[in-house]
Amino acid sequence: MTVLHLANARLAGRPDRPVDVLLDAGRVAAVGPAGAALDAAATPSGALERVDLDGRTLIPGLWDAHTHLTQWAMVRRRLDVSAATSPAHAAALVGAALMDPARHPAPGRPFVGFGFRWATWDDEPTSDVLDAVAGEIPVILLSGDLHSAWASTAGLRYLGIQYHPSGLLREEEWMPASPAIVTATDAETDELVADAAGAAAARGVVGVVDFEVADNLTSWRRRAAAGWDGLRVRAAVWEQHLDAVIDAGLRHGDALAGHDPALVTQGPLKVISDGSLNTLTAFCFDDYVGFHGPDAHGILNVATDQLVPLMSRAHEVGLRCAIHAIGDHANALALDAFAASGARGSMEHAQMLHAADVARFAALGITASVQPEHAMDDRDASDELWAGRTDRAFRLADLHAAGVPLALGSDAPVAPLDPWFAIASAVTRCRDGRDPWHPEQRIDVATALAASTDGRGTQVRPGGPADLAVLDVDPLSLSDDGTPAGAATLAEALRDLPVAGTLVAGRWTHREL
């Protein structure tokens with residue numbers, strides 16, 4: 001076993017205190033002044049390797065608290081149509097890609113694209129627009145929020161749908177059919193996921209919570225048994241697979257199996273209680289601006305009288321609950337369910353909240369698992385569809401001030417799996433040179449960084465896991481001058497923050513030094 005001596009490091013926010021750090025048996029064995037003898041109690045158990053960090057900053061490794069890892073791995077190879085401003089524009093991007101015969105799918109498989117956001121388009125997507133460029137090639141475009149898909153006529157047939165009035169599949173029309181677009185074999189999928197994990201490690205990521213809509217127990221046991229070593233993974237379970245997890249006697253945090261059992265552990269029960277803003281299905285107290293009718297305020301996917309017994313069952317067997325809630329009404333009902341069930345866990349997204357519900361988060365001890373980059377993706381849609389109430393959207397500062405634990409994530413592939421993007425958006429509320437959006441909800445760099453380290457804060461301490469990131473720039477040294485231009489500069493610096501190395505359990509998963 002190799003024991004690492006990381007010499008001449010600096011801890012975040014402490015530039016004048018260089019330290020040496022000893023990593024042994026997957027833990028931080030000792031932290032002491034640079035050049036001084038480390039505590040004798042931290043005597044290495046194996047061969048010692050010394051790595052000079054030359055004054056670089058050492059922080060706890062970063063976690064992404066909300067990913068769909070297989071979908072993210074596949075999206076990295078799919079056609080990106082996120083720039084489309086209309087159905088015709090999206091179809092033109094598909095048509096241009098299909099001009100290359102090498103991009104044509106294999107017989108019996110669909111052509112899949114990702115990223116369109118149709119809520120603010122003037123025209124609704126329809127199958128015939130895609131038919132005009134794709135003909136008999138089955139085309140399925142997955143929306144940027146994962147809650148809808150748009151298919152050509154041949155794409156609908158591929159999904160087993162003989163007729164649909166528009167070709168735009170929303171929520172329960174789409175969710176049951178969504179696994180059909182994963183056409184890769186297990187071996188191909190695992191290779192893509194491993195590649196995506198390597199890319200994440202290059203950004204300082206040491207762990208993810210995986211909410212993939214799949215039999216995650218089977219998938220991650222297979223990967224663990226094959227020697228998975230890319231990241232720590234907390235694998236969530238969905239209702240349809242809950243019995244298997246219970247039958248296996250797994251509680252939250254239990255190792256699933258494999259080469260290094262500690263790397264892959266059981267995660268929470270995931271439930272999607274409502275939809276999303278961009279699919280006009282986030283469940284709100286008020287109607288979406290300009291829309292009328294029974295669903296004009298969104299859709300509740302799981303009623304409270306169904307949610308409470310499901311959460312109670314998970315809680316009774318030692319599982320945490322992760323409840324997707326975006327609209328303000330969905331969040332209020334999900335908080336009711338947490339209170340009634342006694343369950344512990346997180347609200348995923350918590351995108352629109354009334355002040356009283358911010359206080360309820362704190363009182364119930366519920367973690368707000370939030371994705372700050374969504375605020376940048378959704379700011380225009382929010383201003384249009386939630387006009388007059390966007391002061392209640394993405395209330396990160398209010399949640400933090402109330403004492404609510406924050407966990408930052410990406411919801412990849414909805415946003416890129418890069419915690420520095422989430423940190424930048426949380427801190428500055430701006431992107432692409434635009435002025436900050438609702439800057440009153442900004443949090444500081446230290447708070448955002450701490451919300452990205454799975455509860456380990458910003459400092460490396462003895463006894464903690466040897467899951468670390470080595471940075472060329474200390475993020476706590478970055479600031480702005482309080483102006484929009486200063487915020488934009490800070491946002492760029494955080495997004496592009498260089499990562500020189502990443503370690504998981506004391507082993508390099510990324511190294512540029």
Side-chain angles (χ1 to χ4, degrees), residues 1-15 17-63 194 197-198 200-208 223-234 253-265 419 449-450 452-472 474-475 499-513:
M1 177 184 295
T2 299
V3 179
L4 277 180
H5 176 187
L6 303 178
N8 298 315
R10 298 182 191 277
L11 302 182
R14 300 180 180 181
R17 301 181 186 178
V19 298
D20 285 0
V21 178
L22 195 69
L23 308 182
D24 187 13
R27 312 294 295 182
V28 178
V31 179
L38 294 174
D39 193 319
T43 302
S45 63
L48 185 67
E49 177 187 354
R50 184 180 185 277
V51 179
D52 191 342
L53 297 189
D54 196 23
R56 292 180 175 87
T57 298
L58 192 66
I59 64 168
L62 303 176
W63 275 72
R203 300 302 293 143
V205 177
V206 298
V208 300
R223 291 166 186 161
W228 173 266
D229 62 2
L231 301 166
R232 295 192 189 273
V233 176
R234 205 168 288 147
D254 285 352
L256 295 193
H259 175 69
D260 186 342
L263 289 187
V264 183
T265 58
L449 183 62
S452 303
T453 60
D454 199 41
R456 293 176 61 200
T458 63
Q459 299 301 311
V460 177
R461 296 181 174 88
D467 301 345
L468 307 170
V470 182
L471 312 177
D472 286 334
D474 180 356
V499 177
T502 307
L503 299 114
V504 173
R507 175 181 49 79
W508 295 102
T509 56
H510 167 69
R511 185 173 181 180
E512 293 183 356
L513 48 84

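This one's a predicted model, so the numbers in the text were calculated from it and none came from an experiment.
- The heavy-atom pair separating Ala29 from Asp24 by the smallest distance is CB-CB, 4.0 Å.
- Distance check: Ile59 CD1 to Leu471 CG gives 4.5 Å after rounding to the nearest 0.5 Å.
- Across every non-hydrogen atom of Ala500 and Leu513, the tightest pair is CB-CD2, 3.6 Å.
- Remark: side-chain polar atoms of Arg507 are paired, donor with acceptor, to backbone N or O of Asp229 under 3.5 angstrom.
- Atoms CD and CG, from Gln459 and Leu449 in turn, are 9.0 Å apart once rounded to the nearest 0.5 Å.
- In this structure, CZ in Arg234 is found 11.5 Å from CG in Leu256, a value given to the nearest 0.5 Å.
- Thr502 contributes a side-chain N or O that, together with a main-chain N or O of Ala201, makes up a donor-acceptor pair within less than 3.5 Å.
- When side chains are defined from C-beta on, Pro60 counts as touching Val460, because their heavy atoms get closer than 4.5 Å.
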Quiz item: Where do Leu22 and Val3 land on the side-chain contact (heavy atoms from CB on, under 4.5 Å) test, with the steps shown first?
Solution: CA-CA 7 Å; Leu22 195 69; Val3 179; 3.9 Å; yes
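- Annotation for Asp474 and Gly13: closest pair OD2-N, 2.8 Å, computed over non-hydrogen atoms.
- In Arg511, the CZ atom is crowded: over 12 heavy atoms of neighbouring residues, nucleotides or ligands sit closer than 6.0 Å.
- Taken from CG in Leu6 to CG in Leu23, the straight-line distance is 4.5 Å, to the nearest 0.5 Å.
- Results of the side chain to side chain donor-acceptor pair (under 3.5 Å) test with Asn8 over Asp54, Asp20, Asp52 single out Asp52 as the only residue that passes.
- Here the closest non-hydrogen pair linking Pro465 and Arg456 is O-NH2, 3.1 Å.
- The CG atom of Leu263 sits 9.0 Å away from the CG atom of Leu231 when rounded to the nearest 0.5 Å.
- Rounding to the nearest 0.5 Å places CZ of Arg10 at 11.0 Å from CG of Leu53.
- Shown here for Gly204 and Val499, the closest heavy-atom pair between the two residues is N-CG1, 3.8 Å.
- We find that Asp467 and Arg232 are joined by a salt bridge, their nearest charged nitrogen and carboxylate oxygen being less than 4.0 Å apart.
- Heavy-atom minimum distance, Trp228 versus Val233: NE1-CG2, 3.9 Å.
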